[in-house]
Amino acid sequence: MDDTYDTPWKEVVMDHFPEFMAFYFPKAHAAIDWSQPHVFLDQELAALSRDAELGKRVLDKLVRVHTYEMGEQWVLIHLEVQGQHDSEFARRMFIYNYRVYDRYSRPVASMALLADESRGWRPSGFGWRLLDCSMQLDFPVAKMQDYADDIDALLAQDNPFALVTVAHLLAQRTRGNAHQRRMVKWRLTKLLYQRNWDKQRIINLYRVIDWIMRLPAGLEKRLRTGILHLERRPGMTYLSSIERIGMEIGRQKGLQEGRQEGREEGLRLGLAMQLSIRFGRFDPHYQELIDQAGSEQLTQWAKNFVHADHIEAVFHSD
C-alpha cells in the first residue's frame, strides 16, 4: 500500500488552519489575532521554492496573519510538514525563511511539523558564526511521534488534528498489515461520525483518514458495508447525510485521481446508503448488482430511486 499524505494534508490544513495551529503550535496560535482574516500565499511560495535541490516536501505553506503584538501590520508564517528524515531539512527551512523575507520585507516565522517515524530526529535550527559575524534561524518543531503513547487521550479530544494525528500514527504502525489497518480505520470512522461536527468537516476529515489509511479493494468494501450497518443505528446524528457524504467523497476522489473508479465508488456508496435509509435492510443480491455496475447503470438506478416506492422499482429496466 502506498501511504502518501500530500493532497489531503494540504486541504485539511487550509480548511482548518486555526485548529491546526492550536493543536501543534499553541503558543503561536495564542499570539495570532484570528478575528483578522488569514490568507494562504501558495503561488508566491511556489515561485520562491522551485529549485529541485531543495528536495520534496510533504507540505509547505505560506500564510499571512495578524498578531496582537503587531496590530494592523501583517506577518508571515512559513509552515513545513516533513514526512521523512532529511539531513538538508534545516538548511531548507533557513533558505525559505530568508527568501520569503527578501520577497516581502515582513517578519517571517518558520515552523515545522515532523511526521517521520523516528523519535530522535528533531532539527530546529540552522546557521553559522564566522569572523565575529553570526547568522542563525531557530524554529519551533512539533513532532508527531511525541503523541505516539497518547492515542486514547487524542481520541478524546475535539480538535480534528488529534484525529488526523492518530490516523497518521496508526497508518505507520499498520503498514504491511492490511487487516489490522481495516480495524483501526473502522474505529476512527465510527468515532468520526459520532462527533458533533458539521457535514463538511466530516467530509474533510474522512477524506484525509481515507487517504492516509489506504486499504486493498476487498477490505475497503468490507469497511463500506460496515458503514451501511452503522447508519442504521439510532443516535447517529449525521448519518442521515451519509449518502451525500459518500457521493462527495467519490466525486472528489475522481477529480483528484482522474479516474472513473473514483466517481463510480461514490455512486455505489451513495446509492446503497439511500436504499438502506428508505427501505431498510435489503437483499444482498441488490448489493451485488451495485458492486458490479458501471457509472451509467448506477446513475439510472439513482434516477429510478427518486420515485420508487419499493426497491424492485429501483432496479427495474424497461
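The basis for the numbers below is simple: all heavy atoms, side chains too, and nothing from hydrogens, waters or symmetry mates. When a residue number appears, it is its place in the shown sequence, counting from 1.
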Shortest non-hydrogen contact from [X] toward [Y]:
{"X": "Val141", "Y": "Pro123", "answer": "CG2-O, 3.0 Å"}
{"X": "Asn304", "Y": "Val314", "answer": "ND2-O, 2.8 Å"}
{"X": "Leu215", "Y": "Ala178", "answer": "CD2-O, 3.6 Å"}
{"X": "Gly125", "Y": "Phe139", "answer": "N-CE2, 3.4 Å"}
{"X": "Ala171", "Y": "Ile212", "answer": "CB-CG2, 3.5 Å"}
{"X": "Ala115", "Y": "His168", "answer": "O-NE2, 2.9 Å"}

Kindly check if the number of other-residue, nucleotide or ligand heavy atoms within 6.0 Å of [atom1] ([X]) is above 12?
{"X": "Tyr101", "atom1": "OH", "answer": "no"}
{"X": "His179", "atom1": "NE2", "answer": "no"}
{"X": "Arg187", "atom1": "CZ", "answer": "no"}
{"X": "Met135", "atom1": "CE", "answer": "no"}
{"X": "Gln157", "atom1": "CD", "answer": "yes"}

- Message: With no hydrogens and no angle check, just 3.5 Å: does a side-chain donor-acceptor pair link Arg92 and Gln82?
- Response: yes
- Message: I'd like to know if the side chain of Asp138 pairs up with that of Gln136 as donor and acceptor (distance under 3.5 Å, no hydrogens or angles considered).
- Response: yes
- Salt-bridge test for Arg222 and Asp291: reply yes if a basic N is under 4.0 Å from a carboxylate O, no otherwise. no
- With the threshold set at 4.0 Å, does a side-chain nitrogen-carboxylate oxygen contact exist between Asp116 and Lys143? yes
So do [Y] and [X] actually touch side chain to side chain, heavy atoms under 4.5 Å?
{"X": "Leu163", "Y": "Leu154", "result": "no"}
{"X": "Val12", "Y": "Phe20", "result": "no"}
{"X": "Phe23", "Y": "His29", "result": "no"}
{"X": "Phe89", "Y": "Phe94", "result": "no"}
{"X": "Met21", "Y": "Phe17", "result": "yes"}
{"X": "Leu79", "Y": "Val13", "result": "yes"}
{"X": "Val166", "Y": "Tyr147", "result": "no"}
{"X": "Ile290", "Y": "Phe315", "result": "yes"}

When you measure from the side chain of [X] to the backbone of [Y], do you find a donor-acceptor pair of N or O atoms at a distance under 3.5 Å?
{"X": "Ser118", "Y": "Trp121", "result": "yes"}
{"X": "Asn159", "Y": "Glu19", "result": "yes"}
{"X": "Trp74", "Y": "Thr67", "result": "no"}
{"X": "Asp150", "Y": "Ala153", "result": "no"}
{"X": "Arg181", "Y": "Arg214", "result": "yes"}
{"X": "Lys185", "Y": "Met213", "result": "yes"}
{"X": "His66", "Y": "Gln73", "result": "no"}

- Item | side-chain hydrogen bond (donor to acceptor under 3.5 Å, both in side chains) between Gln145 and Gln172, intermediate numbers included | CA-CA 10 Å; Gln145 285 295 327; Gln172 291 176 336; 2.9 Å; yes
Distance from [X] atom [atom1] to [Y] atom [atom2], nearest 0.5 Å?
{"X": "Trp197", "Y": "Tyr206", "atom1": "CH2", "atom2": "OH", "value": "14.5 Å"}
{"X": "His16", "Y": "Phe161", "atom1": "NE2", "atom2": "CZ", "value": "6.5 Å"}
{"X": "His78", "Y": "Glu80", "atom1": "NE2", "atom2": "CD", "value": "3.5 Å"}
{"X": "Arg103", "Y": "Leu41", "atom1": "CZ", "atom2": "CG", "value": "9.0 Å"}
{"X": "Ile209", "Y": "Leu170", "atom1": "CD1", "atom2": "CG", "value": "10.0 Å"}
{"X": "Arg119", "Y": "Met144", "atom1": "CZ", "atom2": "CE", "value": "14.0 Å"}

- Query: Do Met70 and Ile32 sit in the same hydrophobic cluster, where Ile, Leu, Val, Met, Phe, Trp and Tyr count as joined when their side-chain heavy atoms come under 4.5 Å apart?
  - Reply: yes
- Is there a chain of hydrophobic side chains (I, L, V, M, F, W, Y, each step under 4.5 Å between heavy atoms) that links Tyr68 to Ile77? no
- Message: Check for me whether Arg207 meets the cation-pi criterion with Trp211, that is, NZ or CZ under 6.0 Å from the six-membered ring centre and within 45 degrees of the ring axis.
- Response: no
